[in-house]
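Written out below as structure tokens is the structure these notes cover.
Note that these values count all heavy atoms, side chains included, but never hydrogens, waters or copies made by symmetry.
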Amino acid sequence: MPGVMPLFGTKQSYADFYWKCRSMAGNQHFKSSLCPDAWVLSWNVNGEERRWKKSFKRQALKERDVEHFRGVYDTLKAMRKTEPYPLVFIVKPQKDTYLSRGMHLARLDSKHVKDRSALLRWIQSHVVDKSCDKKWDDIRCARRRVTFQLYVQRPATVHGRKFDMRFWVLFTSLDPLRVYVMRHAYPKVATKKYAGLADLQDQCEHIRLLLDPSCNESVAQFLRPYPDGYPKSTGSPIFFEALDFWKRHASRDELGKSSWVAKESYWQSTVWPSLERAFTSVAMLARDSLLAAARDAPAPAGGAPAHRRFALLSPDLAVDDEGAAFIEEINTNGMIMGTNERGGGYNDLFHDDDYLRGFLRIVGADGFPRRGNYSARLDSEIAAWCARRRGGARGGCAPELVDELERTVHEEAHAGKHWYRLYPPLPCHKRHGHVCDVDDDGKWWPEQHRVTREMRKAMRERDLDEAVRAFVRDVDTEAIHGEPMVPGHARWYPRIYNGLYAP
């Protein structure tokens, strides 16, 4: 899927998308409905830092070196009326950031936005970690182009420790758009307890998560706070038991006890649908650009047969203490994949319970082996639907459409229990026995993000998009292949933990 790397896989592109959304919202652009609230203030700096002997030769920044500088200044100045200052930003080098190298925090006080010159001086002073003045590190302190990103200052915590989450999102097609997501995320928890913003220099509290060697003497030291094991998934009761959410709202009756059952229920009904909206919106917003990149891609060399492309992305998100989600970045190579062995290191934190095999089956790597079990019924349903839709026989649907309808059902049938289709959404059919929520756009599962007509219009829904979406809405595809098709966050067994039962 050409074009995924430059559009999704850099910190620079994150800031580009942020300002694209800002400009559309300001102009009442029809695509603004695809800009998720989960996007946080970010901007790129094309700074230059050169090593000169054992110190730095620094060239003064100019306004043109800070992308969207006027917009950044106006935004920060306006935030003085709505946000408690000081603000904190993460400074992220755009390359070579493995294990958070080169990343650091920068505190912005109101005095730094008294005028544009003050803001420019502040940005220049934080392009490179201040520790680089004293100690040279080829990776941490090399010449940098960086992204400034607003720090989530009231994060939800796990055992009092800041965390973010790594997700997997799978694009199987651009035209028509089909996107899958794994039902849970991997929590990446810091080593040290979160003590607020008093000490921004302790990166083991704020930035360096998991088994960063600069923060942990051993795996045993890192795992010590987790008597029942590290929370390997956001689908585990261990994660919710350790999750510190509503500290400022402990008096709420329904959440007053803050049990893992109550927190899981809130996560399922509120937090997860907001994540669905964020991922769906970004996919729909980027689709035009991705299609253009795919059209410009070179044909297979040497007369090789045509092939289908897919993209497996791994976004990172943070959640604040109210349960609001914020996209931090969308990686194309930010994998966290464990094994079923217990050999120490990441193997003790994350296990691959057929997640990789699941996504390979969705894209048809093994040829959709179950297709023979339902192919006759699938052919019959497609023929009947095409006859109703076109007022004629199956020939009323073009061969390209028939191929996409078949592939959509094949992907569903092989998605397994860990993945589900995010777009087009999984419809709620009466046969499931659930009370479906109904609005102008159709029938929905109760705990599911709604994709509105406005969003589809903003994406520029194409004929194939409309046809595939209509087919899965009109035809109970689950009844064709027999595999449960339910959206939502995973709920891992055991369902009894610390004496509490969750239905």
Side-chain angles (χ1 to χ4, degrees), residues 1-2 170-180 280 283-284 287-288 290-292 294-295 297 299-300 304-311 358-416 419-429 431 441-443 451 453 456-457 459-485 487:
M1 194 171 285
L170 173 66
F171 283 66
T172 62
S173 175
L174 289 178
D175 184 18
L177 181 65
R178 287 197 300 275
V179 185
Y180 289 77
T280 303
M284 296 173 80
R287 204 270 291 266
D288 275 353
L290 293 173
L291 280 171
R295 286 193 298 267
H307 56 274
R308 298 185 68 97
R309 295 181 174 94
F310 66 88
F359 105 75
L360 289 171
R361 284 175 171 165
I362 294 173
V363 300
D366 57 356
F368 301 124
R370 295 189 61 253
R371 63 194 303 173
N373 299 339
Y374 56 82
S375 58
R377 183 167 185 178
L378 175 58
D379 288 344
S380 175
E381 291 286 357
I382 290 177
W385 182 81
C386 288
R388 294 194 303 270
R389 182 172 184 261
R390 300 294 184 181
R394 176 171 174 151
C397 288
E400 181 185 16
L401 173 55
V402 173
D403 288 344
E404 292 298 341
L405 296 180
E406 291 175 347
R407 192 166 188 91
T408 299
V409 175
H410 294 331
E411 290 174 358
E412 275 192 12
H414 295 81
W419 295 82
Y420 69 95
R421 195 179 63 238
L422 192 64
Y423 190 86
L426 297 177
C428 183
H429 294 288
R431 184 184 62 80
D441 289 315
K443 299 176 180 178
V451 179
R453 290 176 181 170
R456 299 200 306 271
K457 179 181 177 182
M459 181 183 70
R460 291 193 176 96
E461 188 176 37
R462 299 158 72 94
D463 290 343
L464 281 176
D465 294 313
E466 185 278 331
V468 171
R469 180 178 56 80
F471 179 77
V472 298
R473 178 198 64 204
D474 299 339
V475 178
D476 189 350
T477 53
E478 179 184 327
I480 295 175
H481 52 67
E483 294 295 319
M485 289 291 110

What pairs with [X] under salt bridge (charged side-chain N to carboxylate O under 4.0 Å, His left out), at least two apart in sequence or on another chain?
{"X": "R287", "result": "D465"}
{"X": "R473", "result": "none"}
{"X": "D175", "result": "R462"}
{"X": "D403", "result": "none"}

- Given M459 and Y423, is the side-chain contact (heavy atoms from CB on, under 4.5 Å) satisfied, shown in steps? CA-CA 12 Å; M459 181 183 70; Y423 190 86; 3.6 Å; yes
- Sequence neighbours excluded, which residues qualify as ring pair (Phe, Tyr, Trp, His ring centres under 6.0 Å) partners of H481? none
- Checking ring-ring contact (aromatic ring centres under 6.0 Å, His included) against F359, which of Y420, Y180, F310 comes through?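 When Y420, Y180, F310 are each tested with F359, the ring-ring contact (aromatic ring centres under 6.0 Å, His included) holds only for F310.
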- Message: Please evaluate residues R308 and S173 with respect to the criterion side-chain contact (heavy atoms from CB on, under 4.5 Å), reporting the C-alpha separation (whole Å), side-chain torsions for both, the decisive distance (0.1 Å), and the verdict.
- Response: CA-CA 8 Å; R308 298 185 68 97; S173 175; 4.1 Å; yes
- Message: L170 vs V179, test: side-chain contact (heavy atoms from CB on, under 4.5 Å). Steps then yes/no.
- Response: CA-CA 6 Å; L170 173 66; V179 185; over 6 Å; no
If I take atom [atom1] from residue [X] and atom [atom2] from residue [Y], how far apart are they, to the nearest 0.5 angstrom?
{"X": "M284", "Y": "E461", "atom1": "CE", "atom2": "CD", "answer": "7.5 Å"}
{"X": "L464", "Y": "L177", "atom1": "CG", "atom2": "CG", "answer": "11.5 Å"}
{"X": "R371", "Y": "H410", "atom1": "CZ", "atom2": "NE2", "answer": "3.5 Å"}

- Item | Residues, nucleotides or ligands: over 12 heavy atoms within 6.0 Å of N373 CG |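 Yes, because the 6.0 Å sphere around CG of N373 holds more than 12 heavy atoms from other groups.
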- Query: Should the heavy atoms of other residues, nucleotides or ligands under 6.0 Å from CD of E400 be counted, would the total exceed 12?
  - Reply: no
- Would you say R309 and F171 make side-chain contact, with heavy atoms under 4.5 Å?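 Result no, sub-4.5 Å side-chain heavy-atom pair not found.
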State, to 0.1 Å, how close [X] and [Y] come at their nearest heavy-atom pair, and which atoms those are.
{"X": "L426", "Y": "P487", "value": "CD1-N, 3.8 Å"}
{"X": "I362", "Y": "H414", "value": "CG1-O, 4.0 Å"}
{"X": "R370", "Y": "A413", "value": "NH1-O, 3.3 Å"}
{"X": "A467", "Y": "R389", "value": "CB-NH2, 3.7 Å"}
{"X": "R456", "Y": "V451", "value": "NH1-O, 3.8 Å"}
{"X": "I382", "Y": "F471", "value": "CG1-CZ, 3.9 Å"}

- Query: side chain to side chain contact (heavy atoms under 4.5 Å, CB included) with E381: which residues, sequence neighbours excluded?
  - Reply: R377, V475, I480
- Query: Ion pair present between R178 and E411, side-chain N to carboxylate O less than 4.0 angstrom?
  - Reply: yes
- For the pair V472 and E412, evaluate side-chain contact (heavy atoms from CB on, under 4.5 Å) and give the outcome as yes or no after the intermediate values. CA-CA 10 Å; V472 298; E412 275 192 12; 4.3 Å; yes
